[in-house]
Amino acid sequence: MTKAPATLTYASVVSQETVRIALLTAVLNNIDIWAADVLNAYITAPCREKIWTTPGREFGDDCGRKAVIVQALYGLKSSGATFRAHLARCLCKMGYCSCPADPDLWVKEQTDQKGNHYYEYILCYVDDLLVVHQNPKCVMDKIDSCLPLKPDSVGPLDGAKLK
């Protein structure tokens, strides 16, 4: 796995060239491409900063007490990088390796029904995912068990059946 520097405060994204190569590879090899969007991406990740706040009147009895932030929130300096690290842990648990040339391309060797070896890919653009796989629904279901996906966002990439 390619580790991001500890000082990184943003979520890196897959390069345009990597996306083009993955799409071309999928089309040439008749491999399906699915897309998905992670639901409430940043707040799925644990906060890596030590942050506290004082809740206002809208918090009722907790108004004025000290509250520790335990989940990454939109607006925190490190939320993007925290989400990227959380996504990386999930993909590593699924057996994927980050590509050294593009850390937001995740690769896993597979064998098809005929015994041919190929690579399955997951491309990450912050919380938007592309899956290039013989059975992308299976992969999306595994990702969804680790990071909830927006239900309406999961499915074949429009124009993916280019011939």
Side-chain angles (χ1 to χ4, degrees), residues 1-6 8-48 70-76 78-163:
M1 177 172 104
T2 305
K3 290 210 170 211
L8 186 69
T9 60
Y10 62 91
S12 57
V13 297
V14 67
S15 74
Q16 290 179 345
E17 291 80 10
T18 301
V19 173
R20 289 182 183 133
I21 292 168
L23 293 175
L24 178 64
T25 301
V27 170
L28 290 175
N29 292 290
N30 198 30
I31 298 173
D32 292 331
I33 307 166
W34 276 33
D37 189 10
V38 177
L39 179 69
N40 299 324
Y42 286 6
I43 62 174
T44 63
C47 187
R48 71 179 187 189
V70 296
Q71 293 298 117
L73 298 174
Y74 292 92
L76 294 180
S78 66
S79 291
T82 300
F83 172 73
R84 196 237 181 245
H86 183 58
L87 175 63
R89 281 190 299 276
C90 291
L91 295 177
C92 284
K93 285 180 186 176
M94 292 173 55
Y96 289 86
C97 296
S98 179
C99 176
D102 189 335
D104 294 298
L105 170 65
W106 293 81
V107 182
K108 183 177 180 182
E109 189 173 359
Q110 292 289 337
T111 304
D112 67 16
Q113 295 171 344
K114 297 178 183 175
N116 299 316
H117 294 282
Y118 75 98
Y119 288 96
E120 119 187 14
Y121 305 110
I122 298 177
L123 294 82
C124 304
Y125 194 99
V126 186
D127 64 343
D128 296 316
L129 309 174
L130 283 180
V131 172
V132 179
H133 188 276
Q134 296 284 354
N135 183 2
K137 182 179 181 341
C138 175
V139 177
M140 289 295 189
D141 289 343
K142 287 179 185 174
I143 294 171
D144 191 41
S145 69
C146 182
L147 296 166
L149 301 175
K150 291 179 185 173
D152 295 343
S153 73
V154 180
L157 183 64
D158 290 339
K161 296 291 184 185
L162 304 174
K163 303 258 178 189

A.B. asks: Any idea which heavy atoms bring S15 and T18 closest together, and the distance?
C.D. replies: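 Minimum heavy-atom separation between S15 and T18: OG-OG1, 2.8 Å.
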A.B. asks: Flag the pair H133 / Q110 as yes when at least one side-chain heavy-atom distance between them is below 4.5 Å, and no otherwise.
C.D. replies: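 Contact flag for H133/Q110 side chains = yes.
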A.B. asks: Would you check if T25 and V132 make a side-chain contact, meaning some heavy-atom pair closer than 4.5 Å?
C.D. replies: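 No; the side chains remain at least 4.5 Å from each other.
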A.B. asks: Looking only at heavy atoms, which two atoms of R84 and S98 are closest? And how far apart?
C.D. replies: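 Scanning both residues completely, I find the closest heavy atoms to be NH2-OG, 4.3 Å.
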A.B. asks: A side-chain contact here means heavy atoms from C-beta on lying under 4.5 Å apart; do K108 and I122 qualify?
C.D. replies: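 Not in contact.
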A.B. asks: Rounded at 0.5 Å granularity, tell me how far CD in E17 sits from CD1 in I21.
C.D. replies: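 Output value for this atom pair is 7.5 Å.
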A.B. asks: Compare every heavy atom of D102 with every heavy atom of V13, then report the nearest pair and how far apart it is.
C.D. replies: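 Heavy atoms of V13 and D102 come nearest at O-OD1, 4.3 Å.
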A.B. asks: Heavy atoms, side chains only, cut-off 4.5 Å: are L157 and L23 in contact?
C.D. replies: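 With C-beta onward as the side chain, the pair touches.
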A.B. asks: How about OH on Y125, more than 12 heavy atoms from neighbouring residues, nucleotides or ligands closer than 6.0 Å, or not?
C.D. replies: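 Counting neighbours around OH of Y125, 12 or fewer heavy atoms of other residues, nucleotides or ligands fall under 6.0 Å, so no.
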A.B. asks: Is there a donor-acceptor contact under 3.5 Å from the side chain of D144 to the main chain of L149?
C.D. replies: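 Here the side-chain-to-backbone pair exists.
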A.B. asks: State plainly whether the residues K137 and D32 are in salt-bridge range, i.e. N to O under 4.0 Å.
C.D. replies: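 Salt bridge absent between K137 and D32.
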A.B. asks: Provide the closest heavy-atom pair for C90 versus L147 in the form atom of the first, atom of the second, distance.
C.D. replies: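 That closest heavy-atom pairing would be SG-CG, 4.0 Å.
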A.B. asks: I'd like to check M94 versus W106 (side-chain heavy atoms, cut-off strictly below 4.5 Å). Are they in contact?
C.D. replies: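 Not in contact.
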A.B. asks: How far does CG of N135 sit from CE of M140, to the nearest 0.5 angstrom?
C.D. replies: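 Rounded to the nearest 0.5 Å, the CG-CE separation comes out at 11.0 Å.
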A.B. asks: Provide the closest heavy-atom pair for V107 versus Y119 in the form atom of the first, atom of the second, distance.
C.D. replies: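 Taking every non-hydrogen atom into account, CG1-CD2, 3.3 Å.
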A.B. asks: Looking at side-chain heavy atoms only, is the closest gap between F83 and D127 below 4.5 Å?
C.D. replies: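 Result yes, sub-4.5 Å side-chain heavy-atom pair found.
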A.B. asks: Side-chain contact test, heavy atoms from C-beta onward, threshold under 4.5 Å: evaluate it for L129 versus L87 and give yes or no.
C.D. replies: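 In contact.
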A.B. asks: Could you state the interatomic distance from CG (D128) to CG (D37), rounded to the nearest 0.5 Å?
C.D. replies: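 Going from the CG atom of D128 to the CG atom of D37 covers 4.5 Å.
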A.B. asks: Hey, what do you get for C97 versus C92: SG atoms under 2.5 Å apart or not?
C.D. replies: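 Answer is no: C92 does not pair with C97 in a disulfide.
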A.B. asks: Run Y118 and I31 through side-chain contact (heavy atoms from CB on, under 4.5 Å) and show every step you take.
C.D. replies: CA-CA 10 Å; Y118 75 98; I31 298 173; 4.0 Å; yes
A.B. asks: In the structure I gave you, are the side-chain heavy atoms of L91 and C124 within less than 4.5 Å of one another anywhere?
C.D. replies: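 A side-chain contact exists here, since the closest heavy-atom pair is under 4.5 Å.
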A.B. asks: Check this for me: E109, atom CD, are more than 12 non-hydrogen atoms of other residues, nucleotides or ligands nearer than 6.0 Å?
C.D. replies: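 Yes - once you tally the heavy atoms of other residues, nucleotides and ligands closer than 6.0 Å, there are more than 12.
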